Amino acid sequence: MNETFFWWKLTIGVIATIGLYSVLYRETKLYRFFEHLFLGLAAGFTLVALWKETLKPLWWDKMTGSATIDPITNVSTMDAPGYWVYGFLLPIGLMGYLVFTKRHNWMSRIPIGVILGFWSGQQVQIWWNRWGAQIYSSMQPVWPTTTDSFTRPYSADLPAPEQAYIAAQLYPSQAISNLIFVITILAALSYFFFSFDMKGRLLKGSNTLGRWLLMIGFGAIFGSTVMARFVLEIDRMSYIFVEWMDQTGKMFGGG
Amino acid sequence: MIELIAQAAPEFNPFWGTEPSPEAIWKIFAAIAVGIVFMFLLMRVPTRSRRSIVMTFTFLSGAFYVVYYLWPEPINRGPNDAPSGFVDAGGFFLQDALPKVADIANVLTYLLLCLGIYSLTRIHLGRVVKKQKDWSFSVVLLIAMVAMIAVGYWDYILKEFNDPDKLLTKAENWGGVNYAYDMLFDGLIQQMDAAMFSMIAFFILSAAYRAFRIRSIEATVMMASAILLMVSLMGAVDYQWSEIIKGWTNDQPGNFLNNFNLSEVAGWVKNNLQIPSIRALEFGVGLGALAMGLRIWLGLERGGVSV
Amino acid sequence: MSKPEKSFWEKAQAIDRRVLYAVLIVCTAISLFFKTEIPVNPDDSSKDLYVSLMTIDPNKTVLIESDWTNSTRGESAGHFEALMRILMNRNIKFVLYSIADPQAPQVARDALLRIQEERKAQGLKVYEPWVDYLDLGYFPNAEGHLQAVGNNIRTAWGGRKERDEAGVERDVFTSPVLSGVRVVGDASLLIVCSASATIDIAVERLYGKVPLGFMVTGVMGPNALPYYQARQIVGMGVGLKGVYDVEYMMTYGVNYRVEGTNKPKVSYREESVTIPPVTEGTTFDRGARYFLPLHVALALMILAIILGNVAMFASRKKRVVA
Amino acid sequence: MQYLDTGKWHVIFTLLLVFFILFNIWRAKGKKDMFVRRIPGLNAIDDAIGRATEMGRPVLMVPGLGDLNAISAQAINIFAQVTKTAAQFGTPIRLCCANAAVFTLAQETIRDVYQQQGQIERYDVDSVRFVSDRQFAFAAGVSGMIHREKCAATFFLGEFFAESLIFAETANAVGAIQVAGSTQTVQTPFFIAACDYVLIGDEFYAASAYLTREPVLVGSLVGQDWSKIVVAGLIILGFVTNSVERSQPATQKRVDVDATADTEAYTTWEDVSEPWENGKPVLKRRQDTWLFKQFNPFIEQEDVIVEREQRQPAEAGEGS
């Protein structure tokens with residue numbers, strides 16, 4: 001049973017994959033079929049997960065609490081208290097459903113207002129956690145602490161104190177890189193000034209420079225993202241040509 | 001160990017929290033009832049005060065996190081500590097309240113979910129009834145949806161309530177429903193996810209061929225850094241290049257030329273050009289979010305999404 | 001005036017995108033069947049991650065946030081499997097949980113099972129649930145949950161029960177894995193194996209409370225890089241290159257000199273560290289299998305860009321002449 | 001007050017930024033047509049809609065995949081502006097959502113727009129639709145729709161992830177004018193590669209101010225600029241002082257002690273044993289500098305010891 005089932009599962013997966021890939025050729029009836037199948041299944045799964053994964057653990061269980069009854073002594077111990085006030089959330093949430101009514105549609109803004117309110121409050125709270133360390137790490141020293149050599153010498157074969165000393169130093173090459181770092185961040189920052197006109201050579205220049213530097217950044221992102229995308233395609237190929245074929249071999253090749 | 005067990009026992013405020021028991025259910029119904037009454041009261045309010053009502057809800061929810069942030073955080077809190085003084089007590093309260101408050105937004109979001117499914121079903125039922133173009137595909141969609149719901153919940157009930165010894169966690173004990181569910185979910189949904197996702201690779205290729213042209217300085221620098229990164233990701237090329245450099249430097253690790261290894265150069269570009277430029281951009285976005293958050297929280301905007 | 005014959009380059013410029021698609025499919029599919037070991041120089045971020053994984057206190061627990069699903073199997077599965085192999089080889093206890101997606105726990109479970117089978121076949125120690133690792137499953141509400149974990153892990157995970165070796169359901173904090181953990185900082189490391197923006201949440205909510213390490217897809221790499229540069233995380237493996245880096249370091253060690261060679265295959269900037277190769281169990285796996293096809297794909301990509309530009313210029317010149 | 005978790009500094013700094021924004025919003029009250037720098041992507045909106053009207057094809061708007069937060073709210077704000085124009089021309093619109101809460105908000109907002117334009121009879125409830133909350137089901141659905149309805153103009157604004165390029169390339173295949181912008185920096189390059197107009201980073205938030213010139217919005221934009229200037233200033237101050245300090249000889253070294261099972265992390269100073277290393281003075285390390293101390297507050301061991309009397313375990317867990 002299991003092997004056969006597994007093969008069917010793989011096979012159907014392969015067919016579905018090809019069905020969706022068909023849109024690469026043209027938007028055909030085949031694609032349309034699998035698209036709607038996908039949408040339907042996804043919607044169905046959403047409704048399953050709605051209770052199973054979210055409302056039950058997040059809302060129902062916490063509202064009712066939980067207790068275990070000891071089979072021997074038959075004494076019930078509370079594991080988690082029930083927070084009955086969670087019940088109040090149901091009507092609040094249901095107000096959203098008034099959006100389709102003519103007269104009370106404004107009330108749908110109440111749950112939305114609450115959700116947006118929480119999000120907004122958090123912004124104040126997380127700003128520093130996210131940016132503080134990054135502001136600090138942008139304050140890079142740009143003055144070399146030593147001029148013994150231009151770049152950091154290779155210290156693998158030196159005694160420990162020497163290594164420690166070299167590790168602690170800031171060599172000119174690094175200092176220059178740091179300077180470039182600081183200039184880049186300032187230039188890029190200047191590109192995002194909206195409320196006043198960028199007049200004067202310096203501001204205009206840094207604005208343009210900022211845009212170019214941003215493009216370099218985007219290029220780099222593009223480069224490393226491309227890897228991820230291709231790997232997924234490769235993984236699909238391996239799904240079809242390696243896994244499915246292996247399983248098919250096992251099924252029919254007497255394996 | 002004792003201390004840990006003591007901690008494992010839950011703490012709760014006897015007013016909000018109740019022992020799991022039949023009467024708890026009554027309290028819950030009471031809460032729901034109060035909510036519904038409240039809802040009907042809201043339906044009566046005059047048009048002019050609506051905005052302020054919505055704003056109050058928004059403000060109160062935002063205020064919690066702001067206060068949580070500004071209030072001194074109680075440190076080094078032991079499992080059975082009693083607060084020392086008012087500030088500490090406030091800190092304790094906020095700390096305990098946080099997880100519950102964090103739930104509210106999600107519960108509300110998910111309570112709204114059916115609204116989305118309603119819209120989807122509406123559109124496709126309409127198509128079927130009106131026999132519009134492609135109505136047959138809408139039938140496929142609806143059937144798939146119903147099937148998934150039925151199988152999904154059946155499987156869930158079997159696994160959740162009729163399986164005390166967790167036998168169904170192993171495939172060999174499965175029945176037809178469990179197989180059906182696995183087929184629909186693992187066999188179809190998951191694979192279709194992956195298929196759609198992997199399609200991006202093709203689009204990238206064609207986009208690169210079509211759009212990555214040396215038209216302006218911007219386009220050129222973007223292309224150049226993209227290519228540099230891609231080459232540096234090709235381990236073999238990178239390695240061969242470093243071998244060549246080893247040849248020049250006759251394998252002196254200290255030699256300056258070693259900085260021209262592809263991975264070194266790519267790393268340098270990332271660290272000194274990508275990170276700062278993107279970081280500057282992100283600062284802007286972060287500030288934008290902060291500002292937008294403040295405007296929403298304090299209800300300063302009018303029109304658009306705000307009343 | 002008669003329309004001039006289209007030149008090769010003009011045709012090339014107007015090439016049907018489907019041709020490109022076909023080429024990509026064929027090339028990657030074929031190259032999957034060639035197995036070769038490709039020499040690399042691992043990235044610093046991968047080295048940092050691997051070194052901290054190999055040097056953390058084996059008696060402390062590692063928390064693993066597994067936030068990937070089948071759709072990013074290509075990269076994330078490689079990361080996760082490598083992580084499992086490392087932890088099991090070092091005999092470190094770990095906790096699995098997910099916040100990104102309800103499916104994430106199942107996918108992680110399957111991967112864990114694969115590794116278990118593999119190790120059983122190789123006659124190595126097999127991890128026991130409750131004793132060696134805990135599988136806490138999915139926690140909805142990512143932000144809220146990590147906030148709660150950072151603020152008090154014992155209340156955040158307090159309610160969870162698992163079956164102990166005797167099959168009795170008990171609070172997870174009574175298990176050997178978590179019994180030593182009072183605050184999240186008591187864990188030696190939190191590894192986020194993610195394909196989504198949960199890395200931002202992790203930094204926002206947990207930075208400074210526990211050392212963070214990332215294993216992310218190539219897409220999230222650039223997102224995570226600033227955190228690495230700002231030392232908010234100890235290290236990270238990015239994308240398939242990251243997977244292959246780790247597999248490569250497992251095979252050849254770090255700063256590890258084989259007799260008769262003056263330079264190690266993989267050298268690390270902190271010369272005091274020396275990590276011998278992993279001798280038991282599999283080292284090269286998914287990363288090694290996909291690395292060659294990746295080369296082919298990237299080469300295609302670069303070729304496409306170059307051809308695109310050549311075509312543009314060539315046809316432009318022709319137009320000037322005509 | 002014990003701000004031992006992260007130090008006082010960040011609270012003050014955050015409050016400063018908040019003050020800047022609010023102060024400028026207050027300052028802007030009643031002012032007319034304040035300056036906002038040109039944002040090319042947004043000037044394209046009218047042409048795009050005009051084109052759609054001529055071809056009689058729909059305008060597609062997607063507020064991204066994100067949950068209901070300021071980002072999707074902002075996207076819908078922009079779409080409200082787009083819809084205004086579309087409503088006047090009577091151009092059909094499609095707004096596809098991947099999140100039910102966002103869908104609710106969009107539904108409500110778009111209806112308001114038609115109402116205000118006095119075009120309520122042109123408003124079709126099904127033009128704002130929920131497709132799927134599953135990323136790639138959503139991608140499949142939307143790209144199928146782009147193919148079938150041959151949308152003439154597409155607006156992808158909000159939190160986009162992997163699906164961004166699927167949309168962009170599909171829309172390109174049917175020859176639509178595309179305006180795109182994502183707060184997800186990682187996706188921006190793909191939009192740049194495939195779309196006609198792209199809002200980069202912050203421009204997305206500036207958009208509604210640019211389109212409406214509402215004093216409140218422009219005011220907060222000014223506040224954001226002030227904050228950026230402060231950040232820039234901080235960075236400049238930082239690299240100067242760091243550069244100076246890093247070349248000064250150190251007398252003390254900062255030592256951070258990690259949190260253990262029974263105490264929080266704390267910090268102490270340790271005297272430098274020999275101020276000279278192989279003939280050169282020992283210089284301050286990164287963590288010995290003044291600024292580092294500001295960003296990583298210096299917490300003495302005694303600060304982290306808090307005396308609290310113990311509750312009775314019975315009280316601790318009622319019913320246990």
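As the structure is a prediction and not an experimental result, all values here were calculated from the model.
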Check whether [X] gets within reach of chain B through its side chain, its backbone, both or neither, counting any heavy atom under 4.5 Å.
| X | answer |
| --- | --- |
| C:Leu307 | both |
| C:Arg73 | neither |
| C:Ile302 | side chain |
| C:Gln106 | neither |
| C:Ala299 | both |
| C:Phe291 | side chain |
| C:Pro222 | both |

Can you classify the ring geometry of [X] versus [Y] as parallel (below 30°), tilted (30 to 60°) or perpendicular (above 60°)?
| X | Y | result |
| --- | --- | --- |
| C:Trp157 | C:His145 | parallel |
| B:Tyr156 | B:Phe161 | perpendicular |
| B:Tyr68 | B:Tyr65 | perpendicular |

Is [X] close to chain C through its backbone or its side chain, or both, or neither, when contacts mean heavy atoms under 4.5 Å?
| X | result |
| --- | --- |
| B:Gln274 | side chain |
| B:Met192 | neither |
| B:Arg279 | side chain |
| B:Asp186 | neither |
| B:Ile275 | side chain |

Looking only at B:Asp193, B:Ile214, B:Val101, B:Ile204, most heavy-atom pairs under 4.5 Å shared with chain C are made by B:Ile214

Looking at B:Asp103, B:Asp238, B:Ile227, which one has more heavy-atom pairs under 4.5 Å with chain C than the rest?
-> B:Asp238

Note: C:Phe173 and C:Leu178 closest approach over all heavy atoms is CD2-O, 3.9 Å

Are any non-hydrogen side-chain atoms of C:Lys209 and C:Val183 less than 4.5 angstrom apart?
-> no

Does C:Tyr21 reach the side chain of B:Leu205, with side-chain heavy atoms less than 4.5 Å apart?
-> no

C:Arg231 atom CZ, neighbour heavy-atom count above 12 within 6.0 Å | no

Can you measure from CG (B:Leu113) to CG (B:Leu108) and round to the nearest 0.5 angstrom?
-> 13.0 Å

